[in-house]
Amino acid sequence: MLPSTFQTVGILPVGALGAAFYYHLTRGCTENQARVQFIERRGSTNNAALAQHGTLTIAGDGKVHSIPASSVCRPDLVTCGKTGWLPDVLLVCTQPDQLLQVVGDYVRLLEQLHHAHGLESAVARLPIMILSSNGIYHERVRRFLVELLEESMLYGRLPDLWNDWMGLIVGKLIRGVTVQTGYREGTGAHAVFCAGASARTTLAGGEPGKRRRCAELLQGLGGWFEAANAEPPVRVEFDKALVNLWSNLLGQLKAIDAHGAFRLLCIREIFSDSEGAELRELSSHLFAIGKAVRAYRPDEDFGQLHDKTLGLSRIAGDHFPSSLKWIESQLNAGTLSPQLTPTEKWQLDPLVHYARTAGLEDAADYFSSLRLRIEQKLALAIKCRSAFRAEAS
C-alpha cells in the first residue's frame, strides 16, 4: 500500500548523478526544493565537507546555483527515520560498490520503524528504493536484500515476513537504468556539480503499481522517468551496459595512445567508422551472454539490436563519457590508479561470471582480456604523466 501523500523524493548521496537528478526534479533549482532532498551516505567524507562548507553548487543551462546545504541535505537514512522525515521515493546514486551498504541501512531502517511503530506501519513508511547506479547488479542486490531480511528474522529483529510481508518489501526495490549525465568539477566542499541535459531513466522491476506511481511522481516534478512494461531489469541493464562499454571502455583504449598520452574524446570520436569492427565484436559477446541469462529473447536479432543501439548512442555525439572525464581529473590530480572504476567493475565482473556459468568461454575470455588491456593502458597513462611532470620540474 502506498502512502496517500506520495510526493517526496530523497537522493542518496550528493554526487554528480544525484545533483543532475536534483537539478531536473527542481526544474533548474527553482521549484520543489522542499519535496526533493539529498540524503547523506553513512560514512561519507564528502557529505561532511559539504555540511561544514554550507553551500551546494549546481550548474546547468549556463547558470550556477548556490544552495544552502542545510535547506536541501538530510542526514543518513537511519537517522532520517529517527527524526521522523522519510522520502516516499529514494533515488540511490552511489558508486555500485556502495550499494550493499545502502541496502544494509535500508533493512536497519525497517527494523527501527518496526520497533517504533509496528510492522504494518513500518512497511508503509519504508521508501520505495530506486537503484540508479550504472552496472549489472539488480539480481544480486535483490538476493542480498532477502538474505538480510531473513537474517533479521533469525535474530528476532523482525517477525516472520514470509506470510505476506516479504513480497511487499522486496516489491519496493526498483531498478532505475539511466542515461542521465552529470559531472563534477573540483573536489571537496568547493566542487561544482554540472547537470547534463534531461535524459531518460527507465524504471524496471519491483511491484508494477509502485513502479508506475514512481514514474508519475518523478515525471511530474520535472524529470524524465518512464516505467518499463514487461522488460525485466536484467534486460534494461544489458542494453545500458552495451552503451557504457562502448563509450567508456573502448573509449579509454582509444583515448590513451601507444605512448600513454591521454586525450579527452567525445562519443562521436569514439564511435568513428574505423572502430565498427571492435564495437560489433564487443556487442556480439554481450548479446550471447544476454541470451544465456534470458535478458534477450531466443528469437531476437543481433544485427537489429546492434544497429539500433549504435544509432541511439550517436545522437549524443558531443557528450564526453564519464569514465574519460574521471580519468582526466585523476590524471590532473595525480591520483589515477591502473584499475577499473567501480562502475566498469560491476559491468565486467558479472559478464565474466555469467559467461563462464553458461559455458561461453570465448565471451568470458574476451571481457577478461578487455579488462587487462584497460588496466595496461591506465598504467601507461600514469607513467607518461609522471614522466611529463618530472621533465616540467
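Note that the coordinates shown come from a computational prediction; the quantities given were computed from them, not determined experimentally.
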d(Ser132 OG, Leu17 CG) to nearest 0.5 Å is 6.5 Å
Determine, step by step, whether Ser284 and Arg280 satisfy the side-chain hydrogen bond (donor to acceptor under 3.5 Å, both in side chains) criterion, reporting the C-alpha distance in whole Å, the side-chain angles of both residues, the deciding distance to 0.1 Å, and the verdict. CA-CA 6 Å; Ser284 67; Arg280 185 168 288 271; over 6 Å; no
Report whether Val234 and Phe302 are members of the same hydrophobic cluster (ILVMFWY, side-chain heavy atoms less than 4.5 Å apart, transitive linking). yes
Can any side-chain N or O of Asn248 pair as donor or acceptor with the backbone N or O of Ser323 at less than 3.5 Å? yes
Between CD1 of Ile270 and SG of Cys266, what distance do you get to the nearest 0.5 Å? 7.0 Å
NE2 (His117) with more than 12 external heavy atoms under 6.0 Å: yes
Side-chain donor/acceptor of Thr309 to backbone N/O of His306, under 3.5 Å: no
For Ser121 and Arg125, test the side chains for any donor-to-acceptor distance below 3.5 angstrom and give the result as yes or no. yes
Show, in sequence, the C-alpha distance, side-chain angles and deciding distance for Arg371 and Glu375, and conclude whether the salt bridge (Lys or Arg N to Asp or Glu O under 4.0 Å) test is met. CA-CA 6 Å; Arg371 176 177 188 155; Glu375 291 176 344; 3.4 Å; yes
State plainly whether one hydrophobic cluster holds both Ile374 and Phe320, where clusters connect Ile, Leu, Val, Met, Phe, Trp and Tyr through side-chain heavy atoms under 4.5 angstrom apart. yes
For Glu120, I'd like to know if atom CD has over 12 heavy atoms of other residues, nucleotides or ligands within 6.0 Å. no
Start with the C-alpha distance between Thr335 and Gln330, add both sets of side-chain angles, then the distance that settles side-chain hydrogen bond (donor to acceptor under 3.5 Å, both in side chains), and finish with yes or no. CA-CA 5 Å; Thr335 55; Gln330 294 292 304; 2.7 Å; yes
Glu231/Arg235 salt bridge by N-O under 4.0 Å criterion: no
Out of curiosity, Asp318 CG to Glu269 CD, how far, rounded to the nearest 0.5 Å? 9.5 Å
Between CD1 on residue Ile289 and NE2 on residue His353, distance to nearest 0.5 Å: 11.0 Å
Heavy atoms of other groups near His319 NE2, more than 12 under 6.0 Å: yes
Indicate whether the side chain of Glu226 and that of Trp224 have a donor and an acceptor atom separated by less than 3.5 Å. yes
Quick check: does any side chain N or O of Glu151 sit under 3.5 Å from a backbone N or O of Leu148, one acting as donor and the other as acceptor? no
With no hydrogens and no angle check, do the side chains of Asp349 and Tyr137 hold a donor and an acceptor under 3.5 Å apart? no
Start with the C-alpha distance between Arg175 and Glu237, add both sets of side-chain angles, then the distance that settles salt bridge (Lys or Arg N to Asp or Glu O under 4.0 Å), and finish with yes or no. CA-CA 9 Å; Arg175 182 67 170 95; Glu237 285 183 326; 2.7 Å; yes
Kindly check if the number of other-residue, nucleotide or ligand heavy atoms within 6.0 Å of NZ (Lys291) is above 12? yes
Once salt bridge (charged side-chain N to carboxylate O under 4.0 Å, His left out) is applied, what residue pairs with a partner in residues 109-119 remain, sequence neighbours excluded? Glu111-Arg157
Answer yes if the side chains of Asp88 and Thr8 hold a donor-acceptor pair under 3.5 Å, and no otherwise. yes
Under a side-chain separation threshold of 4.5 Å, the hydrophobic residues clustered together with Val177 are Val236
Assess the residue pair Phe21 and Phe225 against the criterion (ring-ring contact (aromatic ring centres under 6.0 Å, His included)); give the C-alpha distance rounded to whole Å, side-chain angles, the decisive distance to 0.1 Å, and a yes or no. CA-CA 11 Å; Phe21 278 146; Phe225 290 79; 5.5 Å; yes
Mind listing the closest non-hydrogen atom pair of Tyr22 and Ile67 along with its distance? CE2-CD1, 3.9 Å
Distance-minimising heavy-atom pair for His114 and Ala122: N-CB, 3.4 Å
Does one hydrophobic cluster hold both Leu109 and Leu100, with members joined at side-chain heavy-atom distances below 4.5 Å? yes
Roughly how far apart are Leu378 CG and Ser337 OG, rounded to 0.5 Å? 8.0 Å
Quick one: do Val103 and Ile169 end up in the same hydrophobic cluster if we chain Ile, Leu, Val, Met, Phe, Trp and Tyr together by side-chain heavy atoms under 4.5 Å apart? yes
At what distance, to the nearest 0.5 angstrom, does CD of Glu40 lie from OG1 of Thr79? 8.0 Å
Would you indicate whether Asn163, at its atom CG, is surrounded by more than 12 heavy atoms from other residues, nucleotides or ligands within a distance under 6.0 Å? no
Path from Leu242 to Leu253 over hydrophobic side-chain contacts below 4.5 Å: yes
Please report the closest heavy-atom contact between Leu380 and Ala258, naming both atoms and the distance. CD2-O, 3.2 Å
